[in-house]
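Structure record follows, encoded as structure tokens.
Order of the sequence lines sets the chain letters (A, B, ...), proteins ahead of strands, with each chain counted from 1. These numbers were taken from a predicted model, which means no experiment stands behind them.
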Protein chains: 2
Amino acid sequence: MARCSVRYAGRLESRLDEALRLIMVKADGCVAIHADGGAYKPLNWMNAPNSLAVADGEWIVSNTKGETLTITLHEVLMDSEHHLGEDPGLAKDGVEAHLQELLAALPHTIEEGLTLIRREHATAIGPVDLLCRDRNGMTVAVEIKRRGEIDGVEQLSRYLEYLNNDSSLTKEHGAVRGIFVAQVIKPQAKTLASTRGLGCVEVDYDALRGAKPDELTLF
Amino acid sequence: MARCSVRYAGRLESRLDEALRLIMVKADGCVAIHADGGAYKPLNWMNAPNSLAVADGEWIVSNTKGETLTITLHEVLMDSEHHLGEDPGLAKDGVEAHLQELLAALPHTIEEGLTLIRREHATAIGPVDLLCRDRNGMTVAVEIKRRGEIDGVEQLSRYLEYLNNDSSLTKEHGAVRGIFVAQVIKPQAKTLASTRGLGCVEVDYDALRGAKPDELTLF
DNA sequence: GTGTATATCTCGGGG
DNA sequence: CCCCGAGGTATACAC
């Protein structure tokens, strides 16, 4: 805890005038300077790996990209050190990967008669979440998001543009169409999807999980 | 500093097994739980506004959206409180807004003969950074980024699609074309821009600032 | 290393 | 409140 002023020069330049702040240095060397409010993001920081030079009330933290964080200490209120050891880490449930996993197992919940061809179908411009076949034999690209917003529609549009230029896919089954799947889809995203000729489906994560309680108990 | 285990239930669910961690509570009530590494992002957190219920070695932090963070304290190593007061705040230079400001004052550096019509031209799908007129009287939409990547090209494409459906603009001056401006533009973004018929211009922030040293000394 | 997508993104501005 | 865009985004993962 210290009264300090700070300067950062790197990807941009910034300046912090003198005030009381918390300076946190972690075991990996990363540095964060926190005010007494404003959520978890520090005012300034320097990620590991970096090097710390301490000299006469001034800390200079620099990394290999030529970025520097200069902390001038005007008054130190408290200086405390603790060794925490390795953290067992955070276990999560409900991220996009889990939603994708469920939908890959239950493609018919997206659209009746839909079957899975491949998950994470690789293309030069990124992976297509699900590649499916519909009841009429048409190929369907599915983009999955937890929250359906405009950039997800753009992403699906890009994939379709790419897939429809891939003759190995189209010569046998014709054009590829797209379905945008999310737990909630914002009105703007729905509008854009419809002007692009894309389908929109909203799904319920808990209901999906309930449909496969045996093998998908992640928690 | 405490040996603790944590559970979060809200936008997703997560679990942290027992370990030594730093628990930070700021003046606005926000809570963050840090491991001894891993940059500035905490393992778990709860933003303000929230309410904290303390009961017998267990903290329950909840907000109005029904999210809860449950911290079980197994052993407290240190408990320290400091009042830091208001922070004077962070002053920045070199963000996109400054680049836009410079380019609005110096549109001819993007393309010879280009003049500014309007900055932050509002549309239903978001603001167009610069709307300009070229030497031939054609309307030009300019999208500005610090770093030119694919999503910036998508953004500009969306705006052009919208503007070219706006008859009040097109009936007098014809179609609107687009220029993508950034300090550096990635090869992929250049390729996509060219297939979409968009211009690409890379600009030098420091050189631009040098061209207007009088009124634009921000720092 | 670049390129792409995700995030309890965070944060701020405008309607 | 939502929508939209910027961020020193950070972070993970594939190529």
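Remark: B:Glu67 engages B:Arg11 in a salt bridge, criterion side-chain N to carboxylate O under 4.0 Å. Comment: A:Asp93 engages A:Arg209 in a salt bridge, judged by a side-chain N to carboxylate O separation of less than 4.0 angstrom. B:Lys190 and B:Glu149 are not joined by a salt bridge, as no carboxylate oxygen comes within less than 4.0 angstrom of a charged side-chain nitrogen. Salt-bridge annotation for B:Arg119 and B:Asp129: absent, with no side-chain N of the basic residue lying under 4.0 Å from a carboxylate O of the acidic one. Ion pair A:Glu202/A:Lys145 not flagged as a salt bridge, since none of the NZ, NE, NH1 or NH2 atoms sits closer than 4.0 Å to an Asp/Glu carboxylate oxygen.
Each of B:Asn44 and B:Ala122 has a nearest nucleotide on DNA chain C; the 5'-most of these lies closest to B:Asn44.
Of the options A:Glu154, A:Glu161, A:Glu143, a salt bridge (charged side-chain N to carboxylate O under 4.0 Å, His left out) to A:Arg196 is made by A:Glu154 and by none of the others.
The interatomic distance linking B:Glu13 (CD) with C:dA7 (C1') rounds to 17 Å, in whole Å. If you take CG of A:Asp129 and C1' of C:dT6, they are 11 Å apart, rounded to a whole angstrom. Remark: C1' of C:dG14 and CD of B:Glu120 are 10 Å apart, rounded to the nearest angstrom.
Think of the region where chain A sits on DNA chain D: with heavy atoms and a 4.0 Å cut, that region ends 5' and 3' at D:dC3 to D:dT11.
Under the side-chain contact (heavy atoms from CB on, under 4.5 Å) criterion, A:Val201 pairs with A:Ile110, A:Ile179, A:Val181, A:Val203, not counting sequence neighbours. In terms of the salt bridge (Lys or Arg N to Asp or Glu O under 4.0 Å) criterion, A:Lys26 has no residue partners (sequence neighbours excluded).
In this structure, the side chain of B:Asn63 does not engage the main chain of B:Asn50 through any donor-acceptor pair within 3.5 Å. In terms of modelled atom types and a separation under 3.5 Å, the side chain of B:Arg21 and the main chain of B:Cys4 share a donor-acceptor contact. Looking only at distances, a side-chain donor or acceptor of B:Tyr159 sits under 3.5 Å from a matching main-chain atom of B:Pro127.
A:Gly126 comes within 4.0 angstrom of sugar-phosphate atoms only, judged by non-hydrogen atoms across all strands, and of no base. Residue-level contact check: A:Tyr162 touches neither bases nor backbone, having no heavy atom under 4.0 Å from any strand. Using a 4.0 Å heavy-atom distance criterion, B:Leu99 is classed as making no nucleic acid contact. A:Glu143 comes within 4.0 angstrom of sugar-phosphate atoms only, judged by non-hydrogen atoms across all strands, and of no base. Here A:Met46 lies in heavy-atom contact (under 4.0 Å) with a base.
The number of heavy atoms from other shown groups lying within 6.0 Å of CD (B:Glu18) is above 12.
Between B:Tyr40 and A:Tyr40, the ring planes lie tilted relative to each other; the angle falls in the 30° to 60° range.
Of the residues in residues 146-153 of chain A, those placing a heavy atom less than 4.0 Å from an atom of DNA chain C are A:Arg146, A:Arg147, in numerical order. Near DNA chain D, meaning a heavy atom under 4.0 Å from it, residues 177-185 of chain B has no residue at all.
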Between the protein and nucleotides 11-13 of chain C, which nitrogen or oxygen pairs are less than 3.5 angstrom apart?
from	atom 1	to	atom 2	distance (Å)
C:dC11	OP1	A:Gly38	O	2.8

